[in-house]
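Computed from a predicted model, the values in this text were never measured in an experiment. Order of appearance sets the numbers: ligands from 1, and atoms from 1 within every ligand.
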Amino acid sequence: MREAPVIGINRSQQADGSVQLQIAFGSCPLRCKNCDSPQCFERRRWRLYTTQAIVELIEPDREFLEQEGGAVVFTAGEPCMRAKFIADIRSIIGDKIKIVVESALNVPVERVQLLMPVVDRWVIDIKDMNPRIYRSYTGKDNLHVIENLRFLEQSGMKDRIVLRVPELPGLNTPEDRARSTEQLRVIGFEQFV
Ligand code: SF4
């Protein structure tokens, strides 16, 4: 049975009665200047969960998770680094519950290939497409991000993908964000938040 470090679990019930269960992982390959999950990097905040422990959180809410707005949402310290863990959970819970992955996609393409058949919706934080801005913000280059975006688009996944091109205070301008959005449209993406 696999294990993964978790920094937070949050259950929220929507107005329509559906439930979203958010599971935030520890650790991350990036070091974003304004990281919204800094606990990722504090090992003492991690708690190891087995796949079975996550399934036991899911099952009591199955009826509400299966509703239209329901989902299990994997987020924070790069869920793609936990691809096998998530795929194992999918194989146990079946395909009636939606799985959402919130990712920066800066991982080797093999991780994305593993996850592609089990993810219903991807929410991808692009940061910025400009490599200089991206490196200033995250400490890494964005070659994997671009490779993975092309792979997902060529695999016919674009309708499952929503992209985020955020304001990075002091690093990008509205014009930079517009340029990033245009580059992403050229690759083939149409959904932005
Ligand atoms: S990708 Fe997310 S979790 Fe990782 S450093 Fe950036 S903001 Fe933090």
Trainee: Taking all non-hydrogen atoms of both residues into account, name the closest pair between S155 and M116 and its distance.
Mentor: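 Taking every non-hydrogen atom into account, CB-SD, 3.6 Å.
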Trainee: Please list, in chain and residue-number order, the protein N/O/S atoms closer than 2.8 Å to atom 4 (Fe) of ligand 1.
Mentor: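 Protein N/O/S atoms under 2.8 Å of atom 4 (Fe) of ligand 1: C28 SG.
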Trainee: With a heavy-atom distance limit of 4.0 Å, tell me whether K140 approaches ligand 1 through its side chain, its backbone, both, or neither.
Mentor: neither
Trainee: State the CG-NZ distance between N142 and K127, to the nearest 0.5 angstrom.
Mentor: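 One gets 11.5 Å once the value is rounded to the nearest 0.5 Å.
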Trainee: Working to the nearest 0.5 Å, report the span between CG of D176 and CE of M129.
Mentor: 12.5 Å
Trainee: Tell me yes or no: between the side chains of S91 and D88, is some donor less than 3.5 Å from an acceptor?
Mentor: no
Trainee: Within the 4.5 Å heavy-atom criterion, are W46 and I7 side-chain neighbours or not?
Mentor: yes
Trainee: Quick one: pull up CD1 in I126 and CZ in R177 and give me the separation to the nearest 0.5 Å.
Mentor: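 It comes to 12.5 Å.
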